[in-house]
Engineer: 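The following block contains the structure, expressed as structure tokens.
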There are 2 protein chains.
Amino acid sequence: MIDASRFLADLHQLRSFGATGTGVVRPAFSPPDILARDWLAARMQDAGLSVQFDAMGNLFGLAEGKSLLLGSHSDTQPTGGWLDGALGVIAALEVARAARAAGGPAISVVSFQDEEGRFGGTTGSAVWTEMMTVAEADAVADTDGVTLAEARQVLGDRVGPDVDPARFTGFIELHIEQGPTLDAAGEQIGLVTDIVGYREMMVTFSGQQNHAGTTPMALRRDAFQGLSAFNSRLNDRLRNVVTPQSVWTIGHVQVAPNAASIVPGQVRFSMQWRDGSADRLGRMEAVITETLAEVAAEMGLGLDQGAVLGLEPVAMDPTLRTRLEAAAEAVAPGRWRSMQSGALHDATNVARLMPVAMLFVPSIGGISHAFEEDTAEVDLVAGLQVLAHAAGVHT
Amino acid sequence: MIDASRFLADLHQLRSFGATGTGVVRPAFSPPDILARDWLAARMQDAGLSVQFDAMGNLFGLAEGKSLLLGSHSDTQPTGGWLDGALGVIAALEVARAARAAGGPAISVVSFQDEEGRFGGTTGSAVWTEMMTVAEADAVADTDGVTLAEARQVLGDRVGPDVDPARFTGFIELHIEQGPTLDAAGEQIGLVTDIVGYREMMVTFSGQQNHAGTTPMALRRDAFQGLSAFNSRLNDRLRNVVTPQSVWTIGHVQVAPNAASIVPGQVRFSMQWRDGSADRLGRMEAVITETLAEVAAEMGLGLDQGAVLGLEPVAMDPTLRTRLEAAAEAVAPGRWRSMQSGALHDATNVARLMPVAMLFVPSIGGISHAFEEDTAEVDLVAGLQVLAHAAGVHT
């Protein structure tokens with residue numbers, strides 16, 4: 001039987017490693033992260049699971065034979081919330097415990113390492129699923145110049161052999177939504193249909209720097225005006241291409257020389273867009289590229305587009321989704337919805353190797369990646385129950 | 001008689017103080033600035049003028065009795081051009097020399113100090129015209145924390161009594177245009193009608209910082225989108241209010257937190273506008289203020305407007321302008337125009353106390369405040385001749 005009190009107690013215990021105000025500072029390979037992983041390993045052992053750290057620091061608690069894998073990550077953002085990743089790990093642990101007590105089914109647990117990207121992003125699961133080699137990951141340095149190779153030395157003799165993905169029938173990840181949709185709608189459960197793909201590039205418009213007093217408007221080539229015109233026109237043009245779930249963002253803007261009395265000669269900005277359809281991602285890219293070229297030509301600006309980086313959308317497994325839908329209807333009738341995940345997760349990588357599904361609980365105010373991140377306990381427990389039910393464990 | 005060769009030789013001699021590449025580094029009170037002022041003082045003495053430094057370091061070469069004042073400033077920008085200010089000072093010196101040789105009229109010469117604003121802007125003439133007190137000016141610190149009080153110690157015993165503005169019948173300043181109009185039109189002389197007024201304020205839009213993947217477009221309050229919408233709407237609304245000579249500029253933009261994956265929660269930007277009509281400046285301000293409030297309300301953004309700083313427009317004296325027009329038609333028939341000055345000058349301050357006029361020669365490519373600043377010698381000489389003619393000195 002699922003024990004909600006035990007689950008919440010463990011969740012708060014994990015919170016204590018690196019606790020800071022209402023949040024947590026527990027980056028990958030930091031002392032609190034290692035302490036937390038050792039504590040998790042002990043909890044897994046108590047639950048009768050076979051504990052295994054791999055070379056990246058991914059921590060597995062393994063059932064014998066073929067099993068369903070549940071879990072998430074226990075590292076946090078530099079200024080992180082207490083539930084981001086931690087919820088899915090502790091929920092998995094609780095479901096595994098209840099399954100063992102009931103004599104089945106076989107449930108394994110994972111806490112991936114460095115999902116938050118001290119060394120890139122979803123790093124531990126990326127190496128486990130062979131999206132990148134250990135050598136490639138080892139070369140990445142954090143913002144202080146420390147490499148992953150150096151940082152993971154701290155694992156010492158915890159490291160054992162790699163865990164074979166083939167032993168798992170699938171992976172289900174419970175996570176906080178990190179967005180406002182469920183909270184705004186007063187719903188409890190979000191069943192993920194797709195993890196959206198995303199694309200991003202840096203763009204530079206070049207105009208002519210000039211005296212802001214003596215340069216007539218008609219003779220200016222103002223790079224900021226180019227950005228503003230592009231932004232307005234893009235919002236207009238994308239309407240025919242996008243759905244209400246598509247997102248696009250200009251989040252980083254750097255004007256040069258950035259002085260009140262100088263007409264901007266240059267602006268460098270980020271253009272990022274996300275959608276659950278690879279086809280639509282491509283059509284958005286075409287609109288963006290055409291609109292950039294059009295505005296640059298009309299306004300006499302130079303245009304430099306950096307390389308387009310990104311990840312393709314990942315569809316969740318239909319069979320696992322069906323089980324989750326039945327579970328959600330049983331636990332939270334009329335208070336669940338299907339929705340996309342606009343954020344990347346370890347599940348994005350794991351989907352390369354096995355059937356994957358995700359479910360969300362609300363984020364209060366949509367807040368995440370901040371100390372204020374929170375979810376009502378009744379919703380945390382509902383998420384646990386849906387996960388357990390879908391995994392075939394009585395709640 | 002005006003001696004163009006002597007004028008050009010002196011202009012190049014002044015250039016040598018702080019020469020750096022094709023430009024000049026000669027900030028107020030720096031060693032090259034003091035050396036240059038001592039050299040100018042000696043040239044003024046040779047010309048039969050009575051030399052006087054005031055407490056600010058403004059340098060005067062005085063004719064007896066009532067005289068017309070000509071001049072400009074000899075300090076430069078941190079990375080300055082060789083003609084900005086220097087042209088007006090050396091042209092004044094040449095006209096004064098020729099006037100003395102001819103027995104009249106009475107012409108005095110000035111090189112104001114710190115027009116370029118190491119300690120504010122048009123500092124020397126602002127104190128001389130009592131727009132600010134010595135104590136107020138003394139308290140201003142440069143970007144390295146040195147105060148004007150400390151910096152002007154270097155004047156030592158050069159400092160004499162203040163010069164009484166009442167001894168002058170008026171002030172004419174020859175300056176480079178620092179804009180593209182004359183150069184683009186292939187003209188030689190610009191006769192200034194007004195020094196435009198300007199207004200400036202810092203504005204902050206506050207929205208809601210959010211995850212760029214998980215926050216639906218419909219639930220965003222993106223502060224950068226507010227800036228873009230404001231900018232577009234402002235350009236549209238101002239059309240009914242402005243003339244082709246009005247200018248407005250968003251030159252400084254700071255987005256927060258300025259990250260590609262985060263919906264901008266805040267943007268702080270500068271809003272500056274200039275016009276020759278105080279009335280129109282006010283109407284532009286009303287449009288700007290209304291449009292800011294409208295956009296903020298529509299988009300659910302917080303709005304913070306800083307104090308509006310500025311200077312009122314200054315009309316040039318009609319009598320001096322008439323003399324300059326006759327001179328321009330004589331020296332450069334069909335190759336002169338009347339125009340506004342979009343940049344501030346010492347003449348802005350001096351106009352408080354006496355009739356003032358300004359004239360421009362072209363800036364090649366409109367470039368100023370850069371080492372590349374330049375003007376063709378034939379145009380420099382034309383400016384000198386128009387100045388002399390208007391001052392009543394035979395060319």
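We use all heavy atoms of the structure for the numbers below, so side chains are in, but hydrogens, waters and symmetry mates are not. Within every chain, numbering begins at 1; the chains are lettered A, B, ... in the order of the sequence lines, protein sequences first and strands thereafter.
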Engineer: Return the option, out of B/Ala229, B/Ser232, B/Ser368, with the maximum number of heavy-atom pairs under 4.5 Å with chain A.
Structural biologist: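 Option with the top pair count is B/Ser232.
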
Engineer: Please identify, among A/Ala184, A/Pro264, A/Ala370, the residue contributing the most non-hydrogen atom pairs under 4.5 Å to chain B.
Structural biologist: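 Between A/Ala184, A/Pro264, A/Ala370, the count favours A/Pro264.
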
Engineer: Using heavy-atom distances under 4.5 Å, tell me whether A/Gln254 contacts chain B through its side chain, its backbone, both, or neither.
Structural biologist: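 The side chain, not the backbone.
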
Engineer: Taking all atoms of both residues into account, what is the closest heavy-atom pair of A/Glu200 and B/Ala260, and its distance?
Structural biologist: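 Nearest pair, atom of A/Glu200 first, then B/Ala260: OE2-CB, 3.5 Å.
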
Engineer: Could you have a look at A/Gly366, A/Ser246, A/Ala259 and say which one has the most heavy-atom pairs with chain B under 4.5 angstrom?
Structural biologist: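 Option with the top pair count is A/Ala259.
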
Engineer: Are the side chains of A/Val242 and B/Met217 in contact, using a 4.5 Å heavy-atom criterion?
Structural biologist: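 No, every pair of side-chain atoms sits at 4.5 Å or beyond.
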
Engineer: So what's closer than 4.5 Å to chain B heavy atoms on A/Trp248: side chain, backbone, both or neither?
Structural biologist: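 Interface part for A/Trp248: both.
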
Engineer: Tell me, side chain or backbone of B/Val196 under 4.5 Å from chain A's heavy atoms, or both, or neither?
Structural biologist: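 For B/Val196, there is no contact with chain A at all, as no heavy atom is under 4.5 Å.
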
Engineer: Which heavy atom in A/His211 sits nearest to a heavy atom in B/Gln178, and how many Å separate them?
Structural biologist: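 Here A/His211 and B/Gln178 meet closest at CB-O, 4.0 Å.
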
Engineer: Please state whether the side chain, the backbone, both or neither of B/Ser261 comes within less than 4.5 Å of a heavy atom of chain A.
Structural biologist: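 Interface part for B/Ser261: both.
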
Engineer: Out of curiosity, A/Ser228 OG to B/Arg233 CZ, how far, rounded to the nearest 0.5 Å?
Structural biologist: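 Reported to 0.5 Å precision, the distance equals 12.0 Å.
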
Engineer: Please find the pair of heavy atoms, one from B/Ala212 and one from A/Gln272, that lie closest to each other, and give the distance.
Structural biologist: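 Minimum heavy-atom separation between B/Ala212 and A/Gln272: CB-OE1, 3.8 Å.
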
Engineer: Between A/Gln208, A/Gln209, A/Gln225, which has the largest tally of heavy atom pairs under 4.5 Å with chain B?
Structural biologist: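 Maximum pair count with chain B is reached by A/Gln225.
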
Engineer: Return yes when atom CZ of A/Arg337 has more than 12 non-hydrogen atoms of other residues, nucleotides or ligands closer than 6.0 Å, and no otherwise.
Structural biologist: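 Yes - once you tally the heavy atoms of other residues, nucleotides and ligands closer than 6.0 Å, there are more than 12.
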
Engineer: Just so I know, are the side chains of B/Ile262 and A/His369 near enough to count as touching, which here means a heavy-atom distance under 4.5 Å?
Structural biologist: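 They are not in contact (no side-chain heavy atoms under 4.5 Å apart), so the answer is no.
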
Engineer: Heavy atoms only, distances under 4.5 angstrom: which of A/Val263, A/Thr249, A/Thr214, A/Ile250 has the most pairs with chain B? Name it, please.
Structural biologist: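 Of A/Val263, A/Thr249, A/Thr214, A/Ile250, A/Thr214 has the most heavy-atom pairs under 4.5 Å with chain B.
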
Engineer: Minimum heavy-atom separation for A/Val253 and B/Asn258, please, with both atom names.
Structural biologist: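 Here A/Val253 and B/Asn258 meet closest at N-OD1, 2.8 Å.
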
Engineer: Among A/Met339, A/Arg220, A/Glu177, single out the residue with the greatest number of heavy-atom pairs under 4.5 Å to chain B.
Structural biologist: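 Most heavy-atom pairs under 4.5 Å with chain B: A/Arg220.
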
Engineer: Any heavy-atom pair between the side chains of B/Pro180 and A/Pro216 that's under 4.5 Å?
Structural biologist: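 They are in side-chain contact.
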
Engineer: For residues B/Leu227 and A/Phe224, determine if any side-chain heavy atom of one lies less than 4.5 Å from a side-chain heavy atom of the other.
Structural biologist: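 Yes, close enough: below the 4.5 Å cut-off.
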
